[in-house]
Structure formats: structure tokens, C-alpha cells
Number of protein chains: 2
Amino acid sequence: MISQTSEYALRAVVCLAQSPDKPHTTAEIAKLTKVPEHYLSKVLLMLAKHEVVYSKKGLHGGYILAHLPENLPLLNVINAVDPIKHIKSCPLKLKTHGTNLCRLHKRLNDSIDLIEELFQTSTVGTILSDPTTSIPLCESTGK
Amino acid sequence: MISQTSEYALRAVVCLAQSPDKPHTTAEIAKLTKVPEHYLSKVLLMLAKHEVVYSKKGLHGGYILAHLPENLPLLNVINAVDPIKHIKSCPLKLKTHGTNLCRLHKRLNDSIDLIEELFQTSTVGTILSDPTTSIPLCESTGK
DNA sequence: GATAAAATAGATGTCAAGGTCTTTTTATCT
DNA sequence: AGATAAAAAGACCTTGACATCTATTTTATC
């Protein structure tokens, strides 16, 4: 459904969103989000390339969010590391179909569209502000 | 999004649904759906175990649908071969969370629920009867 | 100039999904 | 009963996602 890498990316972004003021090092984020540090560094690299986060080198450097949480759809995070793939042409490669999807694949693609829309309209900000559940990633119930 | 195996299973089921009267052999289905034959045999086995299809051994045997297309949700097909996994407990294994999901994972799980519901309400029958697109898997536009 | 951090590169390992092949079992036909 | 055609079962292989580790380079700060 959601790849492990996307899950890691989302954790990192949510983590950063909780203290948007100061930069976090890879090691810090890894510890807070329980993501393997060396793998996380690659994930953060991708997030930086896609301008989801901003990286600052040198002493007191680290990563900070490149956008306000409410302006950062989950989709942007996901697409940075593991883009959602739509079905654009017949997976059976039937020549007569070409880019016309049959009923089955149209239906499947519709559900992909739906998920994409859901992740487009749902931002990091909405996650943070949701009062119904515990605080993301933290060792407390938040209630 | 949807695993390759689920895609194969759906193709097979849609294929069977188009001629519910007579059994199809694995080889026939493989040819029509362009799924690797030996792999398809495993997929059909799983579908049979979950009573999505009925198998008949021996001469003139093969597979037939175990249900009317309109009574067969896509979800049943998918869950037979590659069950949709919900997030049931904190992926970070935070002790204080336990089975309470934080906001991030609740949101992710909500979207999984949505997809599941979509595939629950969408049946093989609805795919076959959809008049807006070409006939599933077939070498014609159907229009 | 020393230091701390990201950036870059690359080698390697692990594991599950996907895919192939062969043998065994079972039902049907003559 | 024997031949045949099919599913069932299982051994094995391949590939890519995920993950680890190491080393070097670049950049910003003290």
C-alpha cells in the first residue's frame, strides 16, 4: 500500500514539523522516528532534492521543513521518495487497446486516483492538528 | 499499490467471468490474460483455496468462478492472494502507544480502509457491465 | 584551522515477491 | 485397466526493495 520508504519519509517529515524552528541532524531524526540511520540519510537526500526539506550543512546544520506543514500535502512527501504510479496504458500491451484502459484497469486506476487525491488534500498540518489521537511518533498518548 | 499478483488474480477472475459456463485450464487463462503460466497456476491455487474459483481436476477439468460476478467483490480476489494489511498497532513499537495509532498512522490507515471499502463495493460484475470502456482484456475496443 | 554536519559514492548483504520447472495426484475417457 | 489431461505440490532461481557500512568530499560555523 504505502512503501516502507514512504513511511520513513513521512515519519521524518512529521518529526521535523513538530519543531520547525531548529534544524535536526540525521542522527536525531533517526532516533526519534526509529528509522535506520544510514537508510534515513538516503531518504532525506531525496526529500531535499525534491525540496520537501531544506538541508543546511556544517556545524549546527541539519534538516528543516521547506514548507509550512499546512502547505505540505502528504502526496509531495510520498512522490519525492516513491512516486504513485498511474496505469497509463494497457498492462497486457494489447495493441488495440493502446492507451485506452479496459474496464478492469480503468477501475484500478480510478482507485489510484482516489488515493492520490486523498494524499493531496491531506497535509502534514492536518495530521499535526488532528485532536482525536495521540501526538505523532511520541511516547505519550497526547490525550 | 496493487501487487502484481493481485493484478494477475483479477485478470484471471475477469477472464473466467466472461464465460462462466465452461471450465478453463490454466494454460488457456494464461494465454488470454498474458500471465506467466506457471506462476498463474499458483495464483489460481490460492484463489481456489479461498473459494473464489472452483477447480475441477482431470480431463475436461479446469477452473470456473465459484460465485456470480455480481456477488464477487474485487476485494475477495485481492484478499485471497495478497491481503490488504491494516495498520493495527504502532509501527514504531512505542510501548505507550500499543494499539493506539498516532495521527500519522491513523491517517494512513484511514486511506487503507477507504481503498478496502472501494474494492468491497466494486464487484467483478460491475466491471463487466461498465459500458464506458472496452471489454476487459480483449483485443477489441468494444465500443 | 578545527570541527560538525550534509553530500556523494559505492560495496555489500538480506529478504520477499515474482517467476520457472519438475513431479505427484486425481478425474475422465476409451 | 490403462492412457491421458488436468490440477496440486514443491523445489529452485532471479530480481529489486530495503538496509548496512565505509570512506571521501564539501560546506558552514566556531
Side-chain angles (χ1 to χ4, degrees), chain A residues 1-13 15-16 22-66 78-85 91-92, chain B residues 1-13 15-16 22-66 78-85 91-92:
Chain A
M1 184 62 207
I2 288 276
S3 73
Q4 192 65 28
T5 305
S6 293
E7 155 87 27
Y8 288 166
L10 288 169
R11 281 191 212 172
V13 164
C15 175
L16 289 178
K22 77 177 216 298
H24 287 271
T25 67
T26 305
E28 279 169 5
I29 303 170
K31 193 160 194 181
L32 288 169
T33 59
K34 303 209 175 173
V35 174
E37 179 174 341
H38 289 102
Y39 192 66
L40 179 63
S41 81
K42 290 188 176 176
V43 173
L44 286 168
L45 215 56
M46 288 189 276
L47 290 176
K49 284 224 174 80
H50 287 83
E51 299 184 329
V52 171
V53 300
Y54 171 75
S55 73
K56 193 185 174 203
K57 285 185 175 185
L59 190 56
H60 302 151
Y63 291 96
I64 54 175
L65 274 197
I78 293 169
N79 275 342
V81 298
D82 192 9
I84 287 182
K85 287 170 284 295
L92 279 72
Chain B
M1 179 65 206
I2 288 275
S3 72
Q4 193 66 28
T5 304
S6 294
E7 155 88 27
Y8 289 165
L10 288 168
R11 281 191 212 172
V13 164
C15 175
L16 290 178
K22 76 176 221 296
H24 287 270
T25 68
T26 305
E28 281 168 5
I29 304 170
K31 194 160 194 181
L32 288 169
T33 59
K34 304 209 175 174
V35 174
E37 178 174 341
H38 290 100
Y39 191 66
L40 180 62
S41 82
K42 286 187 176 178
V43 173
L44 287 168
L45 211 58
M46 287 189 276
L47 291 176
K49 284 227 172 79
H50 287 83
E51 298 184 329
V52 171
V53 300
Y54 171 74
S55 73
K56 194 185 173 202
K57 284 188 178 184
L59 191 57
H60 302 153
Y63 290 97
I64 55 176
L65 274 199
I78 293 169
N79 274 342
V81 298
D82 192 10
I84 288 182
K85 286 171 282 295
L92 280 73

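Naming convention: chains lettered A, B, ... in sequence-line order (proteins, then strands); numbering from 1 in each chain. All values derive from a computational prediction rather than experimental measurement.
- Taking the side chain as every heavy atom from C-beta outward, Ile29(A) and Leu40(A) approach each other to under 4.5 Å.
- Residue Leu40(A) contributes atom CG, which lies 15 Å from atom C1' of dC21(D) at whole-angstrom precision.
- Remark: Ser6(A) engages Ser3(A) in a side chain to side chain donor-acceptor pair (under 3.5 Å) (not counting sequence neighbours).
- With sequence neighbours excluded, no residue satisfies side chain to side chain donor-acceptor pair (under 3.5 Å) with Asn79(A).
- Taking each heavy atom of Lys34(A) and Arg11(A) in turn, the nearest pair found is O-NH1, 3.6 Å.
- Nearer to the 5' terminus of DNA chain D, by closest-nucleotide assignment, is the contact made by Leu44(B) (compared with the other of Val35(A) and Leu44(B)).
- Interatomic distance, OG1 of Thr33(B) versus CD of Glu7(B), reported as 9.5 Å (0.5 Å rounding).
- The phosphate of dA7(D) (OP1 or OP2) has a side-chain N or O of Thr26(B) nearer than 4.0 angstrom.
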Where do Thr26(B) and Leu44(B) land on the side-chain contact (heavy atoms from CB on, under 4.5 Å) test, with the steps shown first? CA-CA 8 Å; Thr26(B) 305; Leu44(B) 287 168; 3.9 Å; yes
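- Applying the side chain to side chain donor-acceptor pair (under 3.5 Å) test to pairs two or more places apart or on separate chains, those with a residue in residues 36-49 of chain B are Thr5(B)-Tyr39(B).
- If you walk DNA chain C from 5' to 3' and mark each nucleotide with an atom closer than 4.0 Å to a heavy atom of chain A, the marks span dA4(C) to dA11(C).
- One can place CG of Asp82(A) at 11 Å from C1' of dC18(D), the figure rounded to the nearest angstrom.
- Note that CD1 of Ile2(A) is 6.5 Å distant from CD1 of Ile84(A), once rounded to the nearest 0.5 Å.
- Residues from residues 57-64 of chain A that place a heavy atom under 4.0 Å from any atom of DNA chain D, listed by number: Lys57(A), Gly58(A), Leu59(A), His60(A).
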Does the protein touch nucleotides 12-17 of chain D at the base, only the backbone, or not at all? Give it as B, S and - per nucleotide, heavy atoms under 4.0 Å. ------
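- Terminal axes of the helix from dG1(C)-dC30(D) to dT30(C)-dA1(D) (five pairs each, C1' rotation axis) are separated by 10°, to the nearest 10°.
- One finds the CD atom of Gln4(A) at 11.0 Å from the CG atom of Asp82(A) (value rounded to the nearest 0.5 Å).
- With sequence neighbours excluded, the residues forming a side chain to side chain contact (heavy atoms under 4.5 Å, CB included) with Ser55(A) are Tyr63(A), listed by chain and number.
- Shortest non-hydrogen contact noted between Leu47(A) and Ala80(A) is CD2-CB, 3.9 Å.
- Taken residue by residue, residues 45-55 of chain B places no heavy atom nearer than 4.0 Å to DNA chain C.
- Take Glu51(B) and apply the side chain to side chain contact (heavy atoms under 4.5 Å, CB included) test, not counting sequence neighbours, and it matches no residue.
- Shown here for Gly61(B) and Pro23(B), the closest heavy-atom pair between the two residues is O-CB, 3.8 Å.
- Under the rule for a side chain to side chain contact (heavy atoms under 4.5 Å, CB included), the partners of Leu65(A) that lie at least two apart in sequence or sit in another chain are Val13(A), Leu16(A), Ala17(A), Val53(A), Pro69(A), Leu72(A).
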